[in-house]
Colleague: 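Before anything else, here's the structure in question.
Only this structure's heavy atoms are used, side chains among them; waters, hydrogens and symmetry mates stay out. Small disclaimer: the values here were computed from a predicted structure and weren't measured.
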Amino acid sequence: MIQRIWNKTKYLRPTQTIALGFLVVILAGSLILSLPVSAVGGEGTSYIDALFTATTSVCVTGLTVVSTADHWSLFGQAVILALIQIGGFGVVTIAICGMAAFHRRIGLKNRILIQAAYGWDSMYGVVKLIKKIIVGTLCVEGVGALCYMPVLVAKDGFRGIWESVFLSISAFCNAGMDIMGNNSLADYAGNYWMNIVTMALIILGGLGFLVWWESLRLIRERKQTNRSWKATWSKVSLHTKIVLTTTLVCLVSGMIVVFCCEYHNMGTLGAMSLPQKLMAALFQSVTTRTAGFFTISQVNMGDASSLFCMLLMLIGGSPGGTAGGVKTVTVAMLFFAVTASIKGREETRVFHRTISDNNVKKGLAIILLSLTIWFVMTILLLVLEDGSFMSICYETMSAIGTVGLSKDFTGTLHGAGKLVIILMMYLGRIGPITMAAAFMTKGKSDDSIHLPEEKIMIG
C-alpha cells in the first residue's frame with residue numbers, strides 16, 4: 001500500500017513531494033480529529049478547530065484553539081501524539097521506514113527525497129542513518145518519559161504515565177503541547193528536575209540528528225585514542241561547530257536578556273528566588289527556540305523581552321532536527337558573510353574554512369522569504385483580528401517559527417485568523433524555500449549564459 005502511494009509521486013520533484021506529504025497527513029489528521037470519538041463527551045469538533053489542531057501537531061508548533069488536556073478524549077490525544085511524532089520525524093522518514101518494514105527496495109528517488117527532507121549534502125548511507133535516527137529518537141523519548149514519571153505519577157497517579165509519554169515526545173519534537181492542564185509547565189517553574197529534563201529534550205531535538213552522531217562518534221574516538229579536547233574539536237565538522245557555537249550563544253544571550261529585563265517584573269520573575277529566576281530565564285531562552293512550553297507568563301512579559309524572544313523564535317533550532325525557524329547555521333553564516341563584507345573580504349570564512357557563495361545566497365533567501373511571509377501575514381492578521389500590536393506580532397512569529405508561544409491570543413482567533421495561522425504554521429514547517437521550489441515550473445537553465453556585468457550604488 002505504501003509503495004503504491006509512493007509511486008504516485010514519481011512525477012513530482014522532491015520539494016513537491018515533501019510539501020504534499022505534510023499536507024496529506026494534516027488533512028487526514030483533521031478528519032479524524034473532527035470525529036465525535038476524538039473529543040470528550042462524544043461531541044464532534046468543528047472542522048476548522050480540528051484542522052488547526054492537526055496542523056499545529058504535524059508542524060510541531062503548539063498553538064492551540066482548544067484545550068489539549070480537556071477537549072480531546074484519550075483517542076483524540078493519541079491521534080495528536082501520533083501526528084506530533086510524524087511531524088517530528090518528517091513524513092518522508094515515516095514513509096521510508098514503512099517501506100523498509102515491508103522489505104521494499106529504497107531506490108535513488110527515495111534517497112533523493114531523504115536528502116532533500118534533511119538538507120544533507122550526500123546520499124551515501126542515508127537509509128542507514130534514517131534507521132539510526134528512528135532508534136535514537138525512540139530511546140531518547142523513552143528515557144525522557146521515565147524521567148518525568150516520578151513527578152507526574154506521584155501527582156496524577158496512573159494517568160501520570162500517559163502524561164509523561166506525551167510530554168516527552170512533545171518536548172523532543174519541539175511541539176510544545178501537553179495534557180497536564182491549561183497552564184503548560186508554569187506549575188513546575190520551581191521544579192528543577194522537570195525544567196532540566198524538558199530543556200534537555202528540547203535542546204537534543206533542536207540540535208539536529210547529524211550533530212548527535214558526530215558528537216557521539218568523536219567522544220568515542222577520544223576515549224579510544226586519549227586525544228585532548230582541543231584536538232577533538234579540530235576534528236569536528238564545520239556544520240557541527242557552527243551549530244554548537246551558535247546554539248550556546250543564543251541560549252546564554254536569551255537567558256541574560258530575559259533575566260535582566262524581567263528581574264523586577266512581578267508578573268514573571270519578580271516573585272521568584274534568585275536560583276528560580278535563573279532557571280526560569282534559561283527555560284524561556286530554550287523554549288523560544290521553537291519548543292512552545294512556558295514556565296512564566298508570556299502575557300506579562302515586557303516588550304523588550306518579548307522582542308528578543310521573537311528574534312530567538314526567528315532563529316529557531318538547527319538543520320536536520322525537529323525544530324523550526326530559519327536555523328542557527330543560516331543566521332551564523334550570514335553574520336560571518338556580513339563581517340567579511342565589512343572587512344573587505346571576498347570569501348566568507350568560519351573556523352578556518354570557506355563557505356560557498358551559493359550557500360550564503362540560499363541563506364539570505366531563507367531569511368528574506370521568512371521575514372516577508374511574517375510581515376505580510378502580520379498585516380493581514382492586524383486587519384482581521386482585534387488584538388494588541390505586540391500580541392499579534394508575537395503570535396505570527398511564533399507560528400512561522402513553529403514555536404507555539406502565545407500571549408493568550410490564539411484562543412481569541414476567528415475563522416479567517418485561524419486560517420492565516422494555519423498557513424503560517426504549514427509554511428514554517430516545510431520551509432519557505434521548499435514551498436517556493438515546489439511551485440516553481442521546470443524550464444531550461446540559463447546558468448551557461450553570462451550577461452554583461454554592471455555596478456550599482458549600494459548604501
Colleague: Can you tell me how far the CZ atom of Arg289 sits from the CD atom of Gln284, to the nearest 0.5 Å?
Modeller: 12.5 Å

Colleague: Heavy-atom distance under 4.5 Å between the side chains of Phe52 and Leu413, does that happen here?
Modeller: yes

Colleague: Would you mind reporting whether Leu419 and Leu423 have side-chain heavy atoms less than 4.5 Å apart?
Modeller: no

Colleague: Does Asp386 CG have over 12 foreign heavy atoms under 6.0 Å away?
Modeller: no

Colleague: Which pair of heavy atoms, one from Ser57 and one from Ile80, lies closest together, and at what distance?
Modeller: OG-CG2, 3.4 Å

Colleague: Would you call Val40 and Trp72 a side-chain contact if the rule is heavy atoms closer than 4.5 Å?
Modeller: no

Colleague: Give every donor-acceptor pair under 3.5 Å between a side-chain atom in residues 387-395 and any protein atom, sequence neighbours left out.
Modeller:
from, atom 1, to, atom 2, distance (Å)
Ser388, OG, Ser391, N, 3.1
Ser388, OG, Ser391, OG, 2.7
Tyr394, OH, Gln298, OE1, 2.6
Glu395, OE1, Ser406, OG, 2.6
Glu395, OE1, Thr410, OG1, 3.4
Glu395, OE2, Thr410, OG1, 2.4

Colleague: Quick check for you: to the nearest 0.5 Å, what is the distance between Leu381 atom CG and Met377 atom CE?
Modeller: 10.0 Å

Colleague: So, Tyr148 and Thr198: side-chain donor and acceptor under 3.5 Å apart, yes or no?
Modeller: yes

Colleague: Identify, with sequence neighbours excluded, every residue that meets side chain to side chain contact (heavy atoms under 4.5 Å, CB included) alongside Phe75.
Modeller: Ile32, Val37, Ser38, Ser73, Val79

Colleague: Once rounded to the nearest 0.5 Å, what's the spacing between atom CG of Leu63 and atom CE of Met424?
Modeller: 10.0 Å

Colleague: Hey, is the main chain of Thr68 close enough, under 3.5 Å, to the side chain of Gln77 for a donor-acceptor pair?
Modeller: yes

Colleague: Would you say the side chain of Ile26 lies within less than 4.5 Å of the side chain of Cys59, judging by non-hydrogen atoms?
Modeller: yes

Colleague: Of all residues at least two apart in sequence or in a different chain, which pass the side chain to side chain contact (heavy atoms under 4.5 Å, CB included) check with Thr372?
Modeller: Val376

Colleague: Any side-chain heavy-atom pair from Val236 and Phe351 closer than 4.5 angstrom?
Modeller: no

Colleague: Can you list everything that forms a side chain to side chain donor-acceptor pair (under 3.5 Å) with Ser30? Sequence neighbours excluded, please.
Modeller: Tyr47

Colleague: Indicate every side-chain donor-acceptor pair of residues 303-317 with a distance under 3.5 Å to a residue at least two apart or in another chain.
Modeller:
from, atom 1, to, atom 2, distance (Å)
Ser305, OG, Glu262, OE2, 2.6
Ser306, OG, Gly302, O, 2.9
Ser306, OG, Lys407, NZ, 2.8

Colleague: Is it true that atom CZ of Phe335 has more than 12 heavy atoms of other residues, nucleotides or ligands lying nearer than 6.0 Å?
Modeller: no

Colleague: Please list, chain by chain and in numerical order, all residues satisfying side chain to side chain donor-acceptor pair (under 3.5 Å) with Glu385, sequence neighbours excluded.
Modeller: His414

Colleague: How far apart are the C-alpha atoms of Leu33 and Thr45, what are their side-chain angles, what is the distance that settles it, and do they pass the side chain to side chain contact (heavy atoms under 4.5 Å, CB included) test?
Modeller: CA-CA 7 Å; Leu33 290 176; Thr45 303; over 6 Å; no

Colleague: Is the backbone N or O of Met194 less than 3.5 Å from a side-chain atom of Asn191, with the two atoms forming a donor-acceptor pair by type?
Modeller: yes

Colleague: Find the distance between CD1 (Ile242) and CG (Leu238) and round it off to the nearest 0.5 Å.
Modeller: 4.0 Å

Colleague: Listed by chain and number, what are the side chain to side chain donor-acceptor pair (under 3.5 Å) partners of Thr53, not counting sequence neighbours?
Modeller: none

Colleague: Nearest heavy-atom pair of Gly254 and Ser285: which atoms, and what distance?
Modeller: CA-OG, 3.4 Å

Colleague: Would you please test Ile400 and Met397 for side chain to side chain contact (heavy atoms under 4.5 Å, CB included) and show each step?
Modeller: CA-CA 5 Å; Ile400 195 67; Met397 185 60 79; 3.9 Å; yes

Colleague: Show me the donor-acceptor pairs within less than 3.5 Å that the side chains of residues 165-180 make with the rest of the protein, sequence neighbours left out.
Modeller:
from, atom 1, to, atom 2, distance (Å)
Ser168, OG, Glu141, O, 2.6
Ser168, OG, Ala145, N, 3.2
Ser170, OG, Gly176, N, 3.3
Ser170, OG, Met177, N, 2.9
Ser170, OG, Met177, O, 2.7
Asn174, OD1, Thr290, OG1, 3.1
Asn174, ND2, Ala171, O, 3.2
Asn174, ND2, Phe172, O, 3.3
Asn174, ND2, Ile202, O, 3.4
Asp178, OD1, Met180, N, 3.1

Colleague: Measure across Thr137 and Gln85 and return the closest heavy-atom pair with its distance rounded to 0.1 Å.
Modeller: CG2-NE2, 4.1 Å

Colleague: Any idea which heavy atoms bring Ala399 and Ile421 closest together, and the distance?
Modeller: CB-CG2, 4.0 Å

Colleague: Restricting to non-hydrogen atoms, name the atom on Phe22 and the atom on Tyr426 that form the minimum distance, rounded to 0.1 Å.
Modeller: CB-CE1, 3.9 Å

Colleague: With a 3.5 Å distance limit and no angle check, can you tell me whether Ser356 reaches the backbone of Asn359 through a side-chain donor-acceptor pair?
Modeller: yes

Colleague: Do we see a donor-acceptor contact under 3.5 Å between the side chains of Thr378 and Thr396?
Modeller: yes

Colleague: Should Arg429 and Thr55 be marked as a side chain to side chain contact (heavy atoms under 4.5 Å, CB included) after you check the CA-CA gap, both sets of side-chain angles, and the distance that decides it?
Modeller: CA-CA 10 Å; Arg429 181 64 182 93; Thr55 305; over 6 Å; no

Colleague: Do the side chains of Phe294 and Leu405 get nearer than 4.5 Å, heavy atoms only?
Modeller: yes

Colleague: Are side-chain N/O atoms of Ser318 and Thr328 paired as donor and acceptor at under 3.5 Å?
Modeller: yes

Colleague: For the atom pair SG (Cys147) and CD1 (Ile196), what is the distance rounded to the nearest 0.5 Å?
Modeller: 10.5 Å

Colleague: Taking only residues two or more places apart in sequence or in another chain, which ones pass salt bridge (Lys or Arg N to Asp or Glu O under 4.0 Å) with Lys418?
Modeller: Asp49

Colleague: Does the side chain of Thr268 pick up a donor-acceptor pair with the side chain of Asn300 at under 3.5 Å?
Modeller: no

Colleague: How close do Ala280 and Ile296 get, heavy atom to heavy atom, and via which atoms?
Modeller: CB-CG2, 3.9 Å

Colleague: Quick one: pull up CE in Met333 and CG in Leu364 and give me the separation to the nearest 0.5 Å.
Modeller: 8.5 Å

Colleague: For residues 72-83, which residue pairs pass the salt bridge (Lys or Arg N to Asp or Glu O under 4.0 Å) check, not counting sequence neighbours?
Modeller: none

Colleague: Taking salt bridge (Lys or Arg N to Asp or Glu O under 4.0 Å) as the definition, give me every residue that meets it alongside Arg353, ordered by chain and number, with sequence neighbours left out.
Modeller: none

Colleague: Are the side chains of Thr61 and Val403 in contact, using a 4.5 Å heavy-atom criterion?
Modeller: no

Colleague: List the steps, then state whether side chain to side chain contact (heavy atoms under 4.5 Å, CB included) holds for Val151 with Tyr188.
Modeller: CA-CA 10 Å; Val151 176; Tyr188 301 93; 3.9 Å; yes

Colleague: If you define the side chain from C-beta out and look only at heavy atoms, does anything of Phe336 sit under 4.5 Å from Val331?
Modeller: no

Colleague: Check side chain to side chain donor-acceptor pair (under 3.5 Å) between Thr247 and all other residues, then give those that pass, not counting sequence neighbours.
Modeller: none

Colleague: Short question: side chain of Thr246, backbone of Val243 - any donor-acceptor pair under 3.5 Å?
Modeller: no

